[in-house]
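Working notes for the structure below.
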Amino acid sequence: MAHLLNDQRLIAKVKAWMEPILASGRPDGWFGPEKNKDRWPLAVAMKVLIQYQEATGDPRVIPLLQNYFKYLKTAPPDWPDKEWRGVRAMENIIAAYWLYNRTGDKTILEVADSIYINSFKWTDYFLNFPYTDEVMAKGIKYSHPTHVVNIAMAVKHPGMRYVQAHDPKLVEAVKSGLASLDKYHGQVTGRFSGDEHLSGRHPSQGTELCAVVEFMFSLENLAAQLGDVYYADRLEMLAYNANPGTCTPDYWAHQYDQQANQVLVSVAKRRWSTNGDASNVYGLEPNFGCCTANMHQGWPKFVSNMWMATHDQGLAVIAYGPSSVKAKVGEGVEVTLVELTDYPFDGLVRIRMDSPQSAKFPLHLRIPAWAAGAKVKTPEQTLDTRPGSFAVVDRLWKNGDVLELTLPMNLRTETRYNNAVSIIRGPLYFSVRVGEKYKEIKRHHETLPALNWSIEPTTPWNYGLLVDRENPEKSITVEKRKISKLPFDQQNPPVVLKAKGRVLPQWEMVQNSAGDPPLSPVTSDQPLVDVELIPYGNTRLRVTEIPVLAQ
Ligand SMILES: [Zn+2]
């Protein structure tokens, strides 16, 4: 983030931590704290070192990593199933491939083989996913394989192995693993539940922030490894919904667990698997400090992966959003492309060449699976596209050339728990807008706005919605507004959906969360009133899985 923003104060902060890490290498190849022989913190440090080298070109990074892989080559495998370093061992392979691509040293791939063979068998786990409804109903023993952050990291592990082993079974493991997670633990915004551990599909269960940002990073890796638009579609859903929705709009406070139907934020008992009472509070480090550290990887890694290099010396747009990229393309010409857009709130994306030197290269534009009828307009022609694929534009780009991509953002619906409905537009989920009253519950600093907040509802949340699932546009209108400086602020949502609904008096709170959404279709004797829906990312109180009124 420091280098993406070119923020000198942050860069100085980063350097103060990087210098001791870079100076810690020992003759046997180990680095980091001398006495601690746990390999897990080093896997994290290597991911940091990679980013640091890419941002600064620091010549000390590659030798440090080379020495550590020499250490791993000679030291016995130490990836026990019951320890973090074992269940997360494949995270080391990120550095292994990165280093191999820069050095060509084949012994690094042998270390990668050894890690895959001697660590937790995630491929088998995803091919035969153990935590089905039937198993969950009997009650499960919480352990590493039920831990939400472990799973969010591990979904990329078979994909990473595929890069080296080319076994189709590995791709199948990723696909069937995600399908099983959706089936048994799926939540809106593409995440799965885990309030610390897997906890089913009920929309009042939580997902830990660490799992959101790690899942995003996994999807960024999967998009690169497998080149499948599906992973990028899902990445945007997490990035533009779950990621902002679990933080305050100014990013000073975040939650441990977020809920799809989140109608009260407070210190109280909830039906979490194991998390504590402060888990849905927005604050500096509610419940536990891991998310405080981890939240910062969400946006910067997303931005770093919006654009990718392609095998045909071109560029691919993996995720859309206001951005620019500088890259060598075609015959090695350095170009700058600027993306001008209000995405994810609007579907018009304009890409402009901002370089004095012309260059011929292919540009691969991701056409999301939801964007049927998307059109690409170049200076020469207008092209039709196929949803769920890349549209390739191969042309000679001159300074100032503009390409226009129009992604139609028709409303869509998704059937959820108890036959409730969720409303989606483009990559954004929409939630019933609930009045939010913030209350300061803890102040961490005298002058900085580092606070813990509880949030109480000031308006009803328990609506049934009048909606035609097949043709949501018949009963819901879309209103576009100006994007404010805080795009995910509840007060100024850039898009508002207007619908009609009735309060459902039978739908109440249970254990400080919204109870089961009454099974749809529902009836109510309450008056028909206007109901506003705003993007999930703009809400801190919300109902996203909404009962549907009988027509
Ligand atoms: Zn966490």
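All of these numbers come straight from a predicted model, not from anything done at the bench.
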According to side-chain contact (heavy atoms from CB on, under 4.5 Å), who are the partners of [X], at least two apart in sequence or on a separate chain?
X	value
K500	L466, L528, D530
N287	Y256, N275, S279
V14	A2, M18, Y52
V148	F192, E208, A211

Pair E91-K156, salt bridge (Lys or Arg N to Asp or Glu O under 4.0 Å): steps then yes or no: CA-CA 9 Å; E91 296 294 301; K156 68 176 167 303; 2.7 Å; yes

Within 45° of the axis and under 6.0 Å from the centre of the six-membered ring of F215, does NZ or CZ of R191 qualify?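 The answer is no, since R191 fails at least one limit relative to F215.
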
Which residues pass the ring pair (Phe, Tyr, Trp, His ring centres under 6.0 Å) test with W461, sequence neighbours left out?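 Partners of W461 under the ring pair (Phe, Tyr, Trp, His ring centres under 6.0 Å) test: W507.
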
Kindly indicate, with the supporting measurements, whether the criterion side chain to side chain contact (heavy atoms under 4.5 Å, CB included) is fulfilled by L405 and I367. CA-CA 9 Å; L405 169 67; I367 308 300; 3.9 Å; yes

Regarding [X] and [Y], is there a side-chain donor-to-acceptor distance under 3.5 Å anywhere?
X	Y	value
Q205	Y417	no
Q225	Y231	no
S513	R271	no
Q262	Q255	yes
W98	Q53	no
Q259	N280	yes

Assess the residue pair V543 and V263 against the criterion (side chain to side chain contact (heavy atoms under 4.5 Å, CB included)); give the C-alpha distance rounded to whole Å, side-chain angles, the decisive distance to 0.1 Å, and a yes or no. CA-CA 7 Å; V543 170; V263 300; 3.7 Å; yes

Salt bridge (Lys or Arg N to Asp or Glu O under 4.0 Å) involving K175 - partner list, sequence neighbours excluded: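 In terms of salt bridge (Lys or Arg N to Asp or Glu O under 4.0 Å), with neighbours along the sequence ignored, K175 is linked to no residue.
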
Could you tell me which residues satisfy salt bridge (Lys or Arg N to Asp or Glu O under 4.0 Å) with R386, sequence neighbours excluded, listed by chain and number?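 Applying salt bridge (Lys or Arg N to Asp or Glu O under 4.0 Å) to R386 gives none.
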
N/O donor-acceptor pairs under 3.5 Å from side chains in residues 319-327, not counting sequence neighbours:
unit_1 : atom_1 : unit_2 : atom_2 : d
Y320   : OH     : R366   : N      : 3.0
Y320   : OH     : R366   : O      : 2.7
S323   : OG     : W307   : NE1    : 3.1
S323   : OG     : G321   : O      : 3.1
S323   : OG     : E339   : OE1    : 3.4

Considering only residues two or more places apart or on different chains, which pairs with a residue in residues 465-494 satisfy ring-ring contact (aromatic ring centres under 6.0 Å, His included)?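 Of all non-adjacent pairs touching residues 465-494, those that pass ring-ring contact (aromatic ring centres under 6.0 Å, His included) are F345-F488.
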
Considering only residues two or more places apart or on different chains, which pairs with a residue in residues 423-446 satisfy ring-ring contact (aromatic ring centres under 6.0 Å, His included)?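 Only Y438-W453 qualify under ring-ring contact (aromatic ring centres under 6.0 Å, His included).
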
Residues which pass side-chain hydrogen bond (donor to acceptor under 3.5 Å, both in side chains) with R350, listed by chain and number, not counting sequence neighbours: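 None.
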
side-chain hydrogen bond (donor to acceptor under 3.5 Å, both in side chains) with E214: which of R88, K301, Q297?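 It is Q297, the one option of R88, K301, Q297 that forms the side-chain hydrogen bond (donor to acceptor under 3.5 Å, both in side chains) with E214.
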
Using a cut-off of 6.0 Å, state whether more than 12 heavy atoms not belonging to Q381 lie near its atom CD.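 Above 12, so yes.
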
If you look only at pairs with a residue in residues 397-412, which of them pass as a side chain to side chain donor-acceptor pair (under 3.5 Å), with sequence neighbours excluded?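 Applying side chain to side chain donor-acceptor pair (under 3.5 Å) to every pair that reaches into residues 397-412, excluding sequence neighbours, yields R395-D401.
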
